[in-house]
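The block underneath contains the structure these notes are about, expressed in structure tokens.
None of the values given here were measured: they were computed from a predicted structure.
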Amino acid sequence: MTTLLEARYRAVLRLLPAYYRREREEEMVETYLWDVDQETQDQSRPTLGEVASIVALAVRSRLGAGGVPRRYAVLGSAVRLFALFAVLLQAASAVVDRVLGLTWASTRGGSQWDMFTDGFTGHGVWAGAEAAAQWFLPLLWTVACFAFLRDRRRLAQASALVAALPTLLPLVDLWARDFAPSDSAYVAAAAVLAWSSALALCAAHHRDAPPAALPAGAPGMVFAACCVLMGGSVVVLPGGVDTVWALVTCYLVTALAWLLYRARGENRVPAEEAAALAALGLLLLAVRITAVHPWLDVLPGALRVGVLTQAAALVALTAALAVVSGRDLLSRGT
């Protein structure tokens, strides 16, 4: 006779994918009920620790690697690649943004340097700490990226989570206000990008996942190339581009180049890579639109054309990657 506790365990175990339940459910239920008195089972519930462990197992089994059904292997690989690409881009963006900012402030006279340092001083301890966090913590994306590629998973996960924290500070400010400022949508989109990257890294790179690796190129060279591409895109376009410009430009160039390289070299683009790039492109499209929409009417003509072209290119490339991914999955029966 099934007790209430057993029914509750089986209800929680339904979080696990079907293939895993078929193999392990009976064994797991037996283990959970092993030392529980039969007379108290109708008054007991699974502990929070047990539920948390099952949730973590559900994530690992759905984002699996070897020895799992193909659709879960593809999903796990796609999420791992998404985390890798997203962390790499945000790491390069953080470095380039700060290098260019310091270069500008230190080479344009004392007034520019005073304006830079004024952001950290003279506004109270809390405002200074918040400004310092906004400036320094995103650099941890770089630590996360290289720790990630050296299979230092705990360091990579902790660094990514801390690097994403500054995106929550503007959300707290928005929550405390009685009105929504013009950049509120951008603040939310930037937070979604950062936290989806960090959480994807934590979820998909579990202990059973293979080590992270770039599809091509040495990590240092790829990172340097992204930095040069981002910095160059800002320097060659006068008129004061926003911080999203370099990030989106780098994504467009590298994703398009990779799409053409894969299609030429192997006659197909792996579904995992195409899906990861499509998901990243969709998030960047949201960031691009929300960043420019409030200011579109006041932008100079050349810059307006540039950001609208970026948005159109993101739509086209993301759609193409989604089609390529879906076609490859259908052709292999996933």
Side-chain angles (χ1 to χ4, degrees), residues 86-146 159-160 162-173 181-184 186-191 193-194 197-198 220 222-254 284 287-288 290-292 294-295 298-300 302-304 306-307 310:
V87 169
L88 173 63
L89 281 181
Q90 289 174 98
S93 178
V95 169
V96 169
D97 182 60
R98 282 145 186 80
V99 168
L100 291 180
L102 281 174
T103 302
W104 176 268
S106 60
T107 58
R108 296 288 171 170
S111 61
Q112 288 294 332
W113 183 253
D114 291 341
M115 186 181 299
F116 172 76
T117 57
D118 185 61
F120 302 95
T121 59
H123 301 284
V125 176
W126 170 250
E130 182 177 349
Q134 293 280 10
W135 203 92
F136 287 103
L137 292 186
L139 292 172
L140 289 174
W141 285 118
T142 306
V143 177
C145 180
F146 284 97
S159 298
V162 176
L165 282 177
T167 62
L168 296 181
L169 297 177
L171 290 177
V172 173
D173 291 338
S182 58
D183 64 345
S184 56
Y186 168 70
V187 167
L193 172 63
S197 307
V222 172
F223 181 78
C226 288
C227 290
V228 170
L229 181 57
M230 288 185 183
S233 71
V234 173
V235 172
V236 300
L237 184 65
V241 297
D242 58 12
T243 55
V244 181
W245 173 268
L247 184 68
V248 174
T249 299
C250 184
Y251 168 82
L252 288 172
V253 173
T254 54
L284 289 175
V287 174
R288 171 72 284 169
T290 55
V292 74
W295 320 107
V298 299
L299 289 178
L303 188 55
R304 184 188 301 117
V307 295
Q310 271 195 341

**Prompt:** Of the non-hydrogen atoms in Ala189 and Val287, which two are nearest, and what is the gap between them?
**Reply:**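 Heavy atoms of Ala189 and Val287 come nearest at O-CG2, 3.7 Å.
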
**Request:** Locate the shortest heavy-atom distance separating Ala291 from Tyr186; write the atom from each residue and the value.
**Result:**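 Minimum heavy-atom separation between Ala291 and Tyr186: CB-CD1, 3.5 Å.
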
In Å and rounded to the nearest 0.5 Å, what is the [atom1] to [atom2] distance from [X] to [Y]?
{"X": "Leu247", "Y": "Leu193", "atom1": "CG", "atom2": "CG", "value": "7.0 Å"}
{"X": "Met230", "Y": "Leu89", "atom1": "CE", "atom2": "CG", "value": "5.0 Å"}
{"X": "Cys226", "Y": "Leu88", "atom1": "SG", "atom2": "CG", "value": "4.5 Å"}

Partners meeting side chain to side chain contact (heavy atoms under 4.5 Å, CB included) with [X] (sequence neighbours left out):
{"X": "Val228", "result": "none"}
{"X": "Val162", "result": "Leu137, Leu140, Leu165"}
{"X": "Arg98", "result": "Ala94, Trp135, Pro138, Leu139"}
{"X": "Ala144", "result": "Val87, Ser159, Ala160"}

**Message:** If the condition is side chain to side chain donor-acceptor pair (under 3.5 Å), which residues does Ser233 pass it with, not counting sequence neighbours?
**Reply:**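 Scan of Ser233 (side chain to side chain donor-acceptor pair (under 3.5 Å), adjacent residues dropped) gives none.
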
**Prompt:** Residues two or more places apart in sequence or in another chain: which of them pass side chain to side chain donor-acceptor pair (under 3.5 Å) with Thr167?
**Reply:**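 Testing Thr167 for side chain to side chain donor-acceptor pair (under 3.5 Å), a comparison that skips the adjacent residues, returns Trp195.
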
Where the side chain of [X] meets the backbone of [Y], is there a donor-acceptor pair that is under 3.5 Å apart?
{"X": "Thr254", "Y": "Cys250", "value": "yes"}
{"X": "Gln90", "Y": "Trp141", "value": "no"}
{"X": "Gln310", "Y": "Val248", "value": "no"}

**Item:** Side chains of Gln134 and Pro170 in contact at under 4.5 Å (non-hydrogen atoms)
**Value:**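 In short, these two side chains touch, coming nearer than 4.5 Å.
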
